[in-house]
Amino acid sequence: MELKNIKETKNIIEEVAKGSIADELGIETGDIILSINSKEVEDIIDYKYLISDEFLILEIQRNDNEIWEYEIEKDFDEDLGIIFTNPLIDKAKSCKNKCIFCFVDQLPPDMRETLYFKDDDSRLSFLQGNFITLTNMSDEEIDRIIKYRLSPINVSVHTTNPELRVKMLKNKNAGKIYPILERFHKANLEINCQIVLVPDVNDGQELDKTLIDLSKLYPSVKSVAVVPIGLTKYRENLEKVKSFNFDRSSEVLQYFSAIQDKFLKDLGTRFAFPSDEFFAITGKELPSFEEYEGFPQYENGVGLMKSFQIEIEEELKNISGNYRLDNIFTIATGTLAFDFMKEIALKIEEKFKGLKINVIPVVNKFFGEKITVSGLVTGFDLIEKLKEVETDKVIIPKSMMKSCENIFLDNITLEDLKNELKVPVIVSKVSGKDFIDIFRGEVKDE
Ligand code: SF4
């Protein structure tokens, strides 16, 4: 095996877990994996597949360029404890579509460069749960998913009508989705599906046909989430599309109540679930906890409100004794969840004597007023809306910030927000316990 130039290789080890097999062997940060059982490692899927053997010969180029060979005997499911500098061990594949509803295409200019990257990589679907369209994959790559049993795989279907899918994704390869899903079904892979619903495009009869088609692939296709299109004010030069208003959302919910009954009868599951947004737009009562069937599409925004509501009720039930809190708290939310959060706030106020909670809906001026979800509220809009509000503490949901940093989408930091508002700001997870802990005084501002 030839020596690798560290600048060219993708298999650089970033970290070795303490006490792991790699640690015991003395493998270190900066070492490079050259091969496993004489096979080069192309990407993280290859790596995971190759190490799932009980006997391994690991060829490593050490930091001093010496090449070492390690013989390892282990249980087949035992990890080596190696973390790579590039978690995919390869470049992430970008998407080749130009979907009529693409949020990335509707971003304002001058945002963080990473936000403009459109990934569509089956490896990220498997590793991180990203949804993929399967439009940029060769037959060999589909074979590899089946051979390596990469499952569950999350697929953005949108429609099973080939012509319509080509039009919606603006990609001539987009029409082959159903035969690929059938292949996954035959191989017994687990598939979670997602549909972005666009009024007068893939709703109505098209949606019905798509859901019936997908239901034929049950139980491989485990569930389908249906989420409404989101429209920002940055749509110049993009196709004209509508968004969901009260009437259109009510129609969607009416349709789901009938189709879920049918699926429940035929398959024993409701199978397809409308996202929370449809309920928030219409103000219709959320389905019961049981009707979410274990929340299979929680990450897709199906059932977040219900599970939060139930968790809050449970927490409040468990509070014994008299809490007295002579404080004013302000909860900042996107406009969509305003009514919902108001109800939650009233229930909390009843339990904590002397507590006053303001719920403030923050209009999204950054992306445009049609963007109403809390997760896309920016720091600047928060400052503008909250700076005149009299309060002792502000609570914002964690979803408003980057997953591992306290920074909003417009690059305003949590520190900036606190400095501007001059009151403590508490960041809350979407968890009933964490939320109630704030009022119990068990969570401080960060
Ligand atoms: S698949 Fe469609 S929606 Fe997703 S990033 Fe690509 S163009 Fe945008």
Side-chain angles (χ1 to χ4, degrees), residues 88 90-109 111-138 141-142 145 150 152-181 184 191-203 206-207 210 214 221 224-244 275 277 297 299-302 367-368 370-371 373 375-376 402-403 409:
L88 269 187
D90 196 11
K91 249 174 94 185
K93 266 186 159 191
S94 63
C95 97
K96 300 275 182 278
N97 312 321
K98 200 122 188 31
C99 301
I100 58 172
F101 47 79
C102 180
F103 199 78
V104 180
D105 289 340
Q106 305 179 64
L107 288 176
M111 295 190 73
R112 281 193 295 276
E113 208 182 309
T114 48
L115 294 172
Y116 297 101
F117 181 68
K118 298 171 162 189
D119 76 73
D120 197 6
D121 194 313
S122 58
R123 297 164 301 187
L124 290 174
S125 176
F126 170 63
L127 294 169
Q128 297 175 4
N130 298 16
F131 275 78
I132 55 170
T133 61
L134 303 169
T135 55
N136 59 355
M137 297 184 73
S138 62
E141 286 168 302
I142 304 284
I145 289 185
L150 301 186
I153 185 152
N154 297 334
V155 183
S156 291
V157 176
H158 310 312
T159 175
T160 51
N161 173 342
E163 291 83 40
L164 180 59
R165 196 163 190 266
V166 167
K167 259 172 71 183
M168 286 184 79
L169 277 61
K170 293 198 192 311
N171 182 329
K172 62 177 176 13
N173 289 326
K176 301 175 208 149
I177 182 81
Y178 202 68
I180 300 176
L181 293 176
F184 291 158
I191 312 156
N192 302 308
C193 294
Q194 178 199 59
I195 292 172
V196 175
L197 206 61
V198 186
D200 297 335
V201 177
N202 61 340
D203 61 346
E206 290 292 348
L207 175 64
T210 299
L214 292 175
V221 171
V224 185
V226 178
V227 303
I229 182 173
L231 298 179
T232 78
K233 61 183 179 187
Y234 298 95
R235 285 198 60 91
E236 303 90 50
N237 306 323
L238 297 176
E239 199 166 314
K240 288 215 171 358
V241 280
K242 295 178 185 162
S243 56
F244 278 94
S275 73
E277 279 134 302
Q297 293 275 0
E299 301 296 333
N300 237 331
V302 179
F367 288 111
K370 285 188 177 160
I371 295 296
V373 292
L376 293 172
K402 265 181 94 177
S403 55
L409 279 164

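Because the structure is predicted, anything quoted here is derived from the model rather than measured. Order of appearance sets the numbers: ligands from 1, and atoms from 1 within every ligand.
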When you measure from atom 6 (Fe) of ligand 1 to the N, O or S atoms of Cys95, does any of those distances fall below 2.8 Å? yes
Is there a protein heavy atom at a distance of less than 4.0 Å from atom 7 (S) of ligand 1? yes
Enumerate the atoms of ligand 1 whose separation from the nearest heavy atom of Asn97 is less than 4.0 angstrom. 1 (S), 7 (S)
Look only at the side chain of Asn136 and the backbone of Lys96, and say whether a donor-acceptor pair between them is shorter than 3.5 Å. no
Looking only at heavy atoms, what is the nearest atom pair of Gln297 and Cys193, with distance? NE2-O, 3.1 Å
Examine all N, O or S atoms of Cys99, backbone included, and report whether one is under 2.8 Å from atom 8 (Fe) of ligand 1. no
Do Asn202 and Thr159 get their side chains close enough for a donor-acceptor pair, meaning under 3.5 Å? no
Run the numbers for me: atoms of ligand 1, each under 4.0 Å from some heavy atom of Lys118, listed by number. 5 (S), 7 (S)
Exceeds 12 heavy-atom contacts within 6.0 angstrom, atom CD of Glu141: yes
For Thr133, the ligand 1 atoms with a heavy-atom partner under 4.0 Å come out as 1 (S)
Nearest non-hydrogen partners of Leu231 and Ser243, listed with the distance: CD1-CB, 3.7 Å
